[in-house]
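For reference, the structure discussed in these notes is given below.
Keep in mind that this is a model prediction, so the values were computed, not measured. Letters go in sequence order (proteins before strands), and every chain restarts at 1.
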Amino acid sequence: MRKSLTRRERLRHRDEIENVFRRGSSYRCRGLAMKCSKNGLSWSRVLVVSPRSVGKAVRRNRLRRVGKEIFRTIKHTVLGGYDFVFVVYPGDYSFQERQEQFLRLLSDARVHIFRDRDPHHSTRPTH
RNA sequence: ACGGCAGGCCGGGGUGCCGCGCCGUAGCCCCGGCGGCAACGUCGGGCCGCGGUGAGGAAAGUCCGGGCUCCACAGAGCAUGGCACCGGGUAACGCCCGGGCCUCGUGCGCCGUAAGGCGUGCGGGGACAGAAAGUGCCACAGAAACGACACCGCCCCGCUGCGGCGGGGUAAGGGUGAAAUGGUGGGGUAAGAGCCCACCGAUCGCGGGGUAACCCGCGAUGCAGCGGUAAACCUUGCCAGGAGCAAAGCCAAGCAGCGGGUGGGUUGCUCGCCCGCUACCCGCGGGUAGGCUGCGCAGAGCGUGCCGGUAACGGUACGCCGAGAUAAAUGGCACCCCAGGGGCCGCCCGUCCGCGGGCUUCCCUGGACAGAACCCGGCUUACAGGCCUGCCGUUCAU
RNA sequence: GCCCUUGUAGCUCAGUCGGUAGAGCACGUCCAUGGUAAGGACGGGGUCAUCGGUUCAAGUCCGAUCGAGGGCU
């Protein structure tokens, strides 16, 4: 499977983003928050942002890039048909610790598929 | 060798795997539009390959100056705002370069008992026009704060009850203040005072040098107009029309109009000019927050050499084409080199026996400040570490 | 990206033309009350966001920096 994250798989428009923030379900843990909602498409779309309190543009870009990279490497284990918004908060975390935060919130939302299981028989999300 | 100051430059490099934006290009024939009966052609998109390319010296703050776009043209005057020694550079500037003057620090020399003064060298700083056009302000203190004045004093005359009192002269000394109407020394005088003299300062005139700011020399005037503040109003000279790429133009989608004004034309006033009076403007309400152009373009462009210039910079020849996103591309992981910091075992060298330096090995960091958003020229601010040049100081060697 | 506004006591704000920084609430002590609140008297508390400049003198004038808030398709 390709590990790319193309333009189609990113959440790009203001109304779509505001829709997720307004109507999506919330999940959060230390250092990360996630909002998601169904988008009616066959694939999932994602957006990673960092709040203004993180600091200046360089630090905020860095957190967004790490978040995008994590989603890219694990996106084949995520169900299709959802819009995700990840809000990355500052903290002294390594790449692996950040990845665990993402996997935990995706599991909490029941949209995470483990690789040793057949995707077609996994439990459907309940919202 | 080390340390300090000033100026200039750089701001990690490489390999592998995975990934992102943009440009070009072959393919698939996946999707849509148009043409065609069809095969297919064409345009746009998607996917998958290949090639190219991909953050900074400040990209930052948005403090100045332009280009560019729109306001019919970008016109005149006033208002308003900005700038301000002189000359040059530049598209322009409040920027840069050179020069002048003032001021601060410091070395040397001279004068002086000293305080200090003068000359000169080096380095730093200066929003540095005008206070003899006018207005305002100068708290407290002080007699008096701008054309004003006598508190303590000093001196003369008169009176006296010998304590002083009155009239006048004076501004040297004390005192107040940030600042008291030239300074120092001498003469003079009742005491004093540019009252007179010498030197310094100031003003004016003449001559010389310099494009100029200004400098130098000589002479005259006792200085009778002279305090400070224009980053107070102001005066003089110069500059500026306004808004800003969320400018501006086009396409698609969508909605609902109502009330008011007669003028409107992107700060204010007047004039001119233009447009319009089925138009335009103002207010309330409703709808849309998508795409394309602008916008990645050869440009006040970058690099190197030569020429002119003290320099900023200009000219010329050759070469090069160097990001273009839009919830916003330039990233992630691993390793090596290099650089820096820290620790321990061992080895070597020096030793004033406190330790210092080098090698090996291990760990940490990739280091600081910081992310293009229409584009340039500056300014300001932030910044780990390193390199180069010049000057100064200390030590060692010759 | 562009354009504005603002920063004064713990909080909300005054401070004109430069001349020793104030008000209300809050805080402390005392009075008053059997006690508390209200009330009264007295008092403490400020790097005027930071740095530099002009001036004899700066919260005020000028420049730079930092922070906070708002608007523009």
Side-chain angles (χ1 to χ4, degrees):
Chain A
M1 189 180 210
R2 272 185 56 79
K3 296 182 180 175
S4 66
L5 191 68
T6 61
R7 185 165 287 174
R8 240 163 43 111
E9 299 170 280
R10 295 196 297 260
L11 203 54
R12 298 182 68 242
H13 294 295
R14 185 175 293 270
D15 52 345
E16 298 165 350
I17 294 157
E18 283 176 357
N19 192 42
V20 175
F21 268 104
R22 198 163 31 242
R23 281 199 277 276
S25 315
S26 281
Y27 303 90
R28 58 167 55 235
C29 68
R30 187 175 271 283
L32 186 69
M34 185 184 84
K35 293 246 180 188
C36 71
S37 68
K38 286 191 177 182
N39 62 5
L41 300 168
S42 62
W43 65 90
S44 282
R45 297 183 300 185
V46 70
L47 171 74
V48 182
V49 296
S50 50
R52 224 191 158 88
S53 62
V54 167
K56 297 193 177 182
V58 173
R59 292 189 59 199
R60 302 211 292 146
N61 278 340
R62 165 78 183 166
L63 285 185
R64 282 195 304 106
R65 284 168 177 159
V66 169
K68 277 162 61 184
E69 181 68 16
I70 287 166
F71 190 84
R72 182 179 71 80
T73 54
I74 64 174
K75 71 163 188 171
H76 59 282
T77 69
V78 175
L79 282 176
Y82 291 89
D83 284 341
F84 298 100
V85 175
F86 292 95
V87 181
V88 187
Y89 291 100
D92 191 19
Y93 303 113
S94 68
F95 187 81
Q96 277 73 25
E97 287 167 330
R98 285 285 186 200
Q99 190 162 6
E100 284 166 14
Q101 292 169 1
F102 272 74
L103 289 171
R104 178 177 167 191
L105 292 191
L106 288 168
S107 299
D108 286 352
R110 297 171 187 271
V111 294
H112 184 230
I113 312 155
F114 292 99
R115 295 197 70 183
D116 52 2
R117 197 181 292 178
D118 188 353
H120 295 290
H121 294 94
S122 64
T123 53
R124 301 292 297 170
T126 57
H127 53 80

Taking only the [atom1] atom of each, what is the distance from [N] to [M] in whole angstrom?
N	M	atom1	answer
B/U189	B/C110	C1'	39 Å
B/C282	B/G263	P	15 Å
B/G161	B/C165	P	16 Å
C/C2	C/A49	C1'	26 Å
B/C369	B/A59	C1'	12 Å
B/C337	B/C355	C1'	34 Å
B/A6	B/G100	P	24 Å
B/C108	B/U211	C1'	37 Å

Syn or anti: how is [N] classified when any glycosidic angle within 90° of 0 counts as syn?
N	value
B/A55	syn
B/G66	anti
B/G354	syn
B/G367	syn
B/G163	syn

Paired with [N]: which nucleotide, if any, by Watson-Crick or G-U wobble criteria at under 3.5 Å for both distances?
N	value
C/A37	none
B/A6	B/U389
B/C165	B/G158
B/A114	none
B/G225	none
B/G98	B/C86
B/C280	B/G261
B/G27	B/C47

For [X] and [N], give me the distance from atom [atom1] to atom [atom2], rounded to whole Å.
X	N	atom1	atom2	result
A/Lys56	B/C369	NZ	P	9 Å
A/Phe95	B/G331	CZ	C1'	10 Å
A/Lys68	B/A325	NZ	C1'	11 Å
A/Leu47	B/A329	CG	P	11 Å
A/Lys35	B/A327	NZ	P	20 Å
A/Arg45	B/A328	CZ	P	13 Å
A/Arg59	B/G371	CZ	P	12 Å
A/Phe21	B/A327	CZ	P	14 Å

*First of A/Glu69 and A/Asn61 reached from the 5' end of RNA chain B, by closest nucleotide*: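 On the 5' side of the pair lies A/Glu69.
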*Locate the shortest heavy-atom distance separating A/His112 from A/Ser107; write the atom from each residue and the value.*
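Answer, listing the atom of A/His112 first, then A/Ser107: ND1-OG, 3.5 Å.
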*What nucleotide, of B/A328, B/C47, B/G19, holds the atom closest to the side chain of A/Arg72?*
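Nearest nucleotide to the side chain: B/G19.
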*asked:* I'd like to know if the side chain of A/Arg98 pairs up with that of A/Gln101 as donor and acceptor (distance under 3.5 Å, no hydrogens or angles considered).
replied: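 Yes, side-chain donor-acceptor contact under 3.5 Å.
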Please check the phosphate of [N] (OP1 and OP2 only) for any side-chain N or O of [X] closer than 4.0 Å.
X	N	answer
A/Arg8	B/G45	no
A/Arg10	B/A329	no
A/Arg60	B/A327	no

Find the distance between [atom1] ([X]) and [atom2] ([Y]) and round it off to the nearest 0.5 Å.
X	Y	atom1	atom2	value
A/Arg30	A/Arg104	CZ	CZ	10.0 Å
A/Leu11	A/Phe86	CG	CZ	11.5 Å
A/Arg45	A/Thr6	CZ	OG1	11.5 Å
A/Leu47	A/Ile17	CG	CD1	5.0 Å

*asked:* Using the side-chain hydrogen bond (donor to acceptor under 3.5 Å, both in side chains) criterion, which residues pair with A/Asp108? Sequence neighbours excluded.
replied: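 Per chain and number, A/Asp108 pairs via side-chain hydrogen bond (donor to acceptor under 3.5 Å, both in side chains) with no residue.
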*More than 12 non-hydrogen atoms from neighbouring residues, nucleotides or ligands closer than 6.0 Å to CZ on A/Arg22, yes or no?*
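More than 12 heavy atoms, drawn from other residues, nucleotides or ligands, come within 6.0 Å of this atom.
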_For B/G371, does the base pair up with any side-chain atom of A/Arg65 as donor and acceptor (N or O, under 3.5 Å, distance only)?_
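Check passes, donor-acceptor contact within cut-off.
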*Give one of base, sugar-phosphate or nothing for A/Ile70, where a contact means two heavy atoms less than 4.0 Å apart.*
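Since no nucleic acid heavy atom lies under 4.0 Å of A/Ile70, the category is nothing.
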